A.B. asks: 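Before I ask anything, let me first share the structure, which is written out below as structure tokens.
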Amino acid sequence: MFGKLTLDALPHHWYTVGGTLFILVMGLLLALYLTKTRRWGWLWNTWLTSTDPKKIGTMYMIFAALMFFRGMVDVALIWLQQSIAADTQGFLSPSHFQQIFTSHGDIMVFFVTMGFFFGLMNWILPLQIGARDLAFPFLNSLGFWLTAAGGILINLFFAIGGEFANTGWLAIPPLSELEFNPGTGVDYLIWSLQLSGLGSLLAGINFTVTIIKKRAPGMTLLKMPLFVWASLCAMILVISAFPVLTVATLLVWFDRVLDMHFFTSSFGGNMMLYFNLIWTWGHPEVYILVIPAFGMFSEIVSTFSQKRVSGYLSMVFALIAITLLSYLVWLHHFFTMGGGPAVNSFFSLMTFLIAIPSGVQVFNWAFTMMRGRITFASPMYWFMGFVSIFAIGGMAGLLLASPPADFQVHNSLFLVAHFHTMIVGVALFGIFAGVTYWFPKIFGFMLDEKLGKAAFWFWYIGYFVSFVPLYLLGFSGAPRRLDHYASATGWQPLFTTAMIGFLLICCGVAVQVLQLLVSIRRRKENRASGDPWNGRTLEWSTSSPPPFYNFAVLPKVSSLEEFWEQKQRGKKAERRFEEIELPKNTGMGIYLSIFALFAGFALVWQILWLFLVSLACIIACVVLRSFDEHTEYTLSAEEVENHAQ
């Protein structure tokens with residue numbers, strides 16, 4: 001009746017017992033607080049069932065922040081283990097160590113970085129294109145809750161199962177096959193990625209359609225802000241790449257549960273098929289994580305240089321070129337497989353080529369700052385830090401693009417350092433820059449600038465102290481996924497230095513938390529106007545925070561920087577109020593995601609009846625939603641005018 005689920009699946013390791021107790025205690029404290037303050041109804045009606053993209057964006061960012069702290073715990077365990085594991089096993093077993101870095105990779109990529117970007121896109125994209133909402137408000141809610149369901153499932157092994165996948169974050173065969181992983185850890189990984197991947201796919205479709213169909217009157221494609229262009233390129237990658245991830249991981253599950261042999265070494269299976277599939281998704285995914293950051297930095301540099309971004313058209317073509325070329329570089333992960341000089345040469349050339357449009361952006365940012373009236377606010381600190389780190393990561397990437405050099409450092413910590421250079425120095429720094437830049441627009445008050453700059457310096461210095469040693473370790477021959485080593489290698493001082501860098505990064509995180517708390521306490525005295533940075537794009541034309549309908553009157557756009565030009569001319573947009581149709585709140589996205597979570601759990605433990613019941617409930621919810629004709633309400637022109645005043 002319960003499939004593979006037995007009493008042995010209850011927590012019995014110290015880390016699963018501790019993790020389960022922590023989750024239960026925090027959940028109980030939250031429930032007690034909501035009960036005491038009588039806020040259950042407020043939470044449900046105002047937030048959880050909302051279809052307002054601003055509220056959904058805030059929930060995305062809260063969820064991503066929680067997962068960030070979860071991922072940071074994994075990092076602490078990894079670096080502490082490596083710093084002490086010379087001539088000793090350390091405090092983690094090999095299997096536990098592999099589970100931790102698998103969990104860390106998936107959480108940081110799927111739930112932290114993408115969660116923050118989707119949150120900021122929900123907030124900023126409609127405002128920048130002059131829209132009141134996304135194209136599909138219900139799909140927006142459903143996409144978020146499916147992502148949250150995936151986040152719950154990837155952590156559920158703490159309470160039920162006890163072990164996670166020890167395969168690496170890409171679940172590479174044969175490690176992910178049943179012969180080497182008979183437990184449920186790989187199944188948890190697969191179905192959490194299926195749920196979150198579906199949520200990401202829905203979000204990608206929604207943002208793409210919104211950008212194409214919901215732009216303000218007069219806003220042509222070449223009048224869109226660069227953050228909108230970057231988001232469009234990233235979402236096209238999401239739509240085209242994530243189905244590949246879905247298929248690849250689903251085929252692994254078929255191998256495991258239905259005794260198929262897509263990727264096994266027997267019965268005609270081919271592991272290289274999985275490698276090609278996963279990196280056909282995986283390398284576009286790297287650019288899904290960094291392209292939105294490029295767009296954010298373009299907005300920030302232009303605003304704080306008080307100057308239109310240099311080479312707008314070349315920036316657009318650079319983003320498109322990066323998007324297209326990201327599909328043609330995946331085989332540089334296999335330079336050592338013996339593909340031959342023709343194959344290696346082609347993918348080496350493609351990898352070198354993709355550096356050109358990236359360089360075009362850097363030069364345009366520099367030209368934008370040239371002769372500009374630069375204000376070095378904290379978002380610009382994150383930008384300057386990004387540029388220096390991006391240069392290092394780019395040079396390391398060019399080294400890896402050369403097959404002879406790649407032969408020497410392949411599968412070493414050099415590659416780990418390069419990847420984290422791009423994800424930390426580009427994606428995370430971009431997120432911090434974007435959150436700091438748009439925070440007053442989102443919440444209506446400014447973040448403390450001094451603490452923001454202090455946090456930057458901790459992160460910036462901590463990055464170099466953490467990851468430069470990994471470059472050196474890679475050159476010294478240290479492989480990735482290393483849980484212990486001999487002291488004769490001389491690696492321990494470098495691992496210890498990396499651990500010190502992580503402590504500096506932790507100080508940066510602590511300062512960011514302090515910055516948020518201090519800013520909330522002083523929010524009344526740090527109230528933000530609608531345009532606190534003297535911005536140039538349409539989001540700064542609204543109040544801070546914006547009204548729930550975004551724009552009382554849809555703006556008319558005649559140039560790239562319509563709001564900036566209106567300010568220079570002293571011209572106010574005409575205000576002719578009309579009634580507005582807005583989506584109603586709905587809990588259907590939550591219900592569907594709960595049943596999807598149950599279905600994923602049932603497939604992990606092979607509980608057939610639970611899966612069939614969950615599937616029936618999902619179908620019933622879809623049918624009920626499809627027959628609901630009252631999904632919108634109308635705000636009259638008089639009500640709009642009263643709100644606008």
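Nothing here was measured: the structure is a model prediction, and the numbers come from that model.
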A.B. asks: Does Asn181 reach the main-chain N or O of Glu177 with its side chain, forming a donor-acceptor pair under 3.5 Å?
C.D. replies: no
A.B. asks: Can you confirm if the aromatic rings of Phe297 and Phe386 lie within a centre distance of less than 6.0 Å?
C.D. replies: yes
A.B. asks: Let me confirm one number: the CD1-CZ distance from Ile172 to Phe263, rounded to the nearest 0.5 Å.
C.D. replies: 10.0 Å
A.B. asks: Does the side-chain hydrogen bond (donor to acceptor under 3.5 Å, both in side chains) test come out yes or no for Thr167 and Gln98, once each step is laid out?
C.D. replies: CA-CA 7 Å; Thr167 58; Gln98 311 299 322; over 6 Å; no
A.B. asks: By the salt bridge (charged side-chain N to carboxylate O under 4.0 Å, His left out) test, which pairs, at least two apart or in different chains, include something from residues 239-257?
C.D. replies: Asp187-Arg256
A.B. asks: Would you mind writing out the side-chain donor-acceptor pairs for residues 499-506 within the sub-3.5 Å range, not counting sequence neighbours?
C.D. replies:
none

A.B. asks: Could you give the distance from CG (Asn270) to OG1 (Thr264), rounded to the nearest 0.5 Å?
C.D. replies: 9.5 Å
A.B. asks: So for atom CE, which belongs to Met26, do other residues, nucleotides or ligands contribute more than 12 heavy atoms lying within a distance under 6.0 Å?
C.D. replies: no
A.B. asks: Looking only at non-hydrogen atoms, find the nearest pair between Phe407 and Thr336 and report the distance.
C.D. replies: CZ-CA, 3.9 Å
A.B. asks: Just so I know, are the side chains of Val112 and Phe116 near enough to count as touching, which here means a heavy-atom distance under 4.5 Å?
C.D. replies: yes
A.B. asks: Mind checking whether His104 and Val73 have side chains closer than 4.5 Å, heavy atoms only?
C.D. replies: no
A.B. asks: Determine whether Gln512 and Trp459 satisfy the following criterion, side-chain hydrogen bond (donor to acceptor under 3.5 Å, both in side chains), listing intermediate values before the conclusion.
C.D. replies: CA-CA 10 Å; Gln512 286 173 305; Trp459 267 96; 3.0 Å; yes
A.B. asks: Quick check for you: to the nearest 0.5 Å, what is the distance between Phe467 atom CZ and His420 atom NE2?
C.D. replies: 5.0 Å
A.B. asks: Has Ser192 got a side-chain atom pairing as donor or acceptor with Leu189's backbone, closer than 3.5 angstrom?
C.D. replies: yes
A.B. asks: Do Trp169 and Ile107 come within less than 4.5 Å of each other through their side chains, counting heavy atoms only?
C.D. replies: no
A.B. asks: Suppose we screen for side chain to side chain donor-acceptor pair (under 3.5 Å). Which residues come up paired with Asp87, at least two apart in sequence or across chains?
C.D. replies: Ser487
A.B. asks: Using atom types as modelled and distance alone, determine if a side-chain donor or acceptor of Asn206 lies under 3.5 Å from a backbone N or O of Leu202.
C.D. replies: no
A.B. asks: Which pair of heavy atoms, one from Ala401 and one from Ser348, lies closest together, and at what distance?
C.D. replies: O-OG, 2.6 Å
A.B. asks: If I compare all heavy atoms of Pro479 with all of Leu482, which pair ends up nearest, and what's the gap?
C.D. replies: O-CB, 3.4 Å
A.B. asks: Side chains of Met61 and Phe118: does their closest heavy-atom pair fall under 4.5 Å?
C.D. replies: no
A.B. asks: Which side-chain N or O atoms in residues 597-611 pair as donor and acceptor under 3.5 Å with protein atoms at least two apart or in another chain?
C.D. replies:
| from | atom 1 | to | atom 2 | distance (Å) |
| --- | --- | --- | --- | --- |
| Trp605 | NE1 | Tyr188 | OH | 3.1 |
| Trp609 | NE1 | Met1 | O | 2.7 |

A.B. asks: In sequence, state the C-alpha distance, the side-chain angles, and the governing distance for Trp191 and Trp253, and then conclude on ring-ring contact (aromatic ring centres under 6.0 Å, His included).
C.D. replies: CA-CA 9 Å; Trp191 288 105; Trp253 190 77; 5.3 Å; yes
A.B. asks: For the residue pair Met422 and Val290, what are the closest heavy atoms and their distance?
C.D. replies: O-CG1, 3.9 Å
A.B. asks: Would Trp281 and Phe110 count as a ring-ring contact (aromatic ring centres under 6.0 Å, His included) if you check the C-alpha gap in whole Å, the side-chain angles of each, and the deciding distance to 0.1 Å?
C.D. replies: CA-CA 13 Å; Trp281 160 81; Phe110 291 96; 5.5 Å; yes
A.B. asks: Just to verify, what does His261 make a ring pair (Phe, Tyr, Trp, His ring centres under 6.0 Å) with, not counting sequence neighbours?
C.D. replies: Phe267
A.B. asks: Which is it for Ser176 and Tyr274 under the side-chain hydrogen bond (donor to acceptor under 3.5 Å, both in side chains) test, yes or no, and what are the steps along the way?
C.D. replies: CA-CA 11 Å; Ser176 56; Tyr274 183 85; 5.7 Å; no
A.B. asks: Quick check against the 3.5 Å criterion: does Gln82 have a side-chain atom that pairs as donor or acceptor with the backbone of His484?
C.D. replies: no
A.B. asks: Taking the side chain as C-beta and beyond, is there a heavy-atom pair between Thr20 and Ile23 under 4.5 Å?
C.D. replies: no
A.B. asks: Taking side-chain contact (heavy atoms from CB on, under 4.5 Å) as the definition, give me every residue that meets it alongside Thr208, ordered by chain and number, with sequence neighbours left out.
C.D. replies: Ile212, Leu232, Met235, Ile239
A.B. asks: So which pairs with a foot in residues 474-486 pass salt bridge (charged side-chain N to carboxylate O under 4.0 Å, His left out), sequence neighbours left out?
C.D. replies: none
A.B. asks: Contact between Phe164 and Ile154 at the side-chain level, heavy atoms closer than 4.5 Å - yes or no?
C.D. replies: yes
A.B. asks: Please tell me if the side chains of Tyr60 and Thr147 come closer than 4.5 Å, counting only heavy atoms from C-beta onward.
C.D. replies: yes
A.B. asks: Measure from the side-chain N and O atoms of Thr489 to the backbone N and O of Ala486, and report whether any donor-acceptor pair falls under 3.5 Å.
C.D. replies: yes
A.B. asks: The criterion is side-chain contact (heavy atoms from CB on, under 4.5 Å); which residues satisfy it with Ala478, sequence neighbours excluded?
C.D. replies: Leu413, Leu473, Trp491
A.B. asks: Any donor-acceptor pair under 3.5 Å linking the side chain of Gln81 with the backbone of Gln89?
C.D. replies: yes
A.B. asks: So, taking the atom named CD1 in Ile205 and the one named CG in Asn140, what distance separates them when rounded to the nearest 0.5 Å?
C.D. replies: 12.5 Å
A.B. asks: Considering residues at least two apart in sequence or located in another chain, which fulfil the ring pair (Phe, Tyr, Trp, His ring centres under 6.0 Å) criterion with Trp145?
C.D. replies: none
A.B. asks: Using ring pair (Phe, Tyr, Trp, His ring centres under 6.0 Å) as the criterion, list what pairs up with Phe69, not counting sequence neighbours.
C.D. replies: none
A.B. asks: Is there a side-chain contact between Leu277 and Leu273 (heavy atoms, below 4.5 Å)?
C.D. replies: yes
A.B. asks: What is the minimum heavy-atom distance between Tyr287 and Ser326, and which atoms define it?
C.D. replies: CD1-CB, 3.5 Å
A.B. asks: For Phe101 and Asp74: C-alpha separation, side-chain torsions, deciding distance, then whether side-chain contact (heavy atoms from CB on, under 4.5 Å) applies.
C.D. replies: CA-CA 7 Å; Phe101 76 68; Asp74 288 339; over 6 Å; no
A.B. asks: Applying ring pair (Phe, Tyr, Trp, His ring centres under 6.0 Å), name anything that partners Tyr485, two or more places apart in sequence or on another chain.
C.D. replies: Phe495
A.B. asks: Check Gly434 against Met296 and note the closest heavy-atom contact, atom names and distance.
C.D. replies: CA-SD, 4.0 Å
A.B. asks: Nearest 0.5 Å, what's the CD1-OG distance between Ile78 and Ser83?
C.D. replies: 12.0 Å
A.B. asks: Measure the spacing between CG of Leu237 and CD1 of Ile291 and express it to the nearest 0.5 Å.
C.D. replies: 5.0 Å
A.B. asks: So Trp279 and His333, would you call those rings parallel, tilted or perpendicular, with 30° and 60° as cut-offs?
C.D. replies: parallel
A.B. asks: Check residues 387-398 and write down every donor-acceptor pair under 3.5 Å in which the side-chain atom is one partner and the other belongs to a residue at least two apart or another chain.
C.D. replies:
| from | atom 1 | to | atom 2 | distance (Å) |
| --- | --- | --- | --- | --- |
| Ser388 | OG | Gly385 | O | 2.9 |
| Ser388 | OG | Tyr460 | OH | 2.7 |

A.B. asks: Between Glu163 and Thr184 (side chain of the first, backbone of the second, donor and acceptor by atom type, cut-off under 3.5 Å), is there such a pair?
C.D. replies: no
A.B. asks: Using modelled atom types and a 3.5 Å cut-off, is there a donor and acceptor pairing between side-chain atoms of Ser593 and backbone atoms of Leu146?
C.D. replies: yes
A.B. asks: Judged by atom type as modelled, is there a donor-acceptor pair below 3.5 Å linking the side chain of Ser103 to the main-chain atoms of Gln99?
C.D. replies: no
A.B. asks: If only atom types and distance count, is the side chain of Thr113 paired as donor or acceptor with the main-chain N or O of Val109 below 3.5 Å?
C.D. replies: no
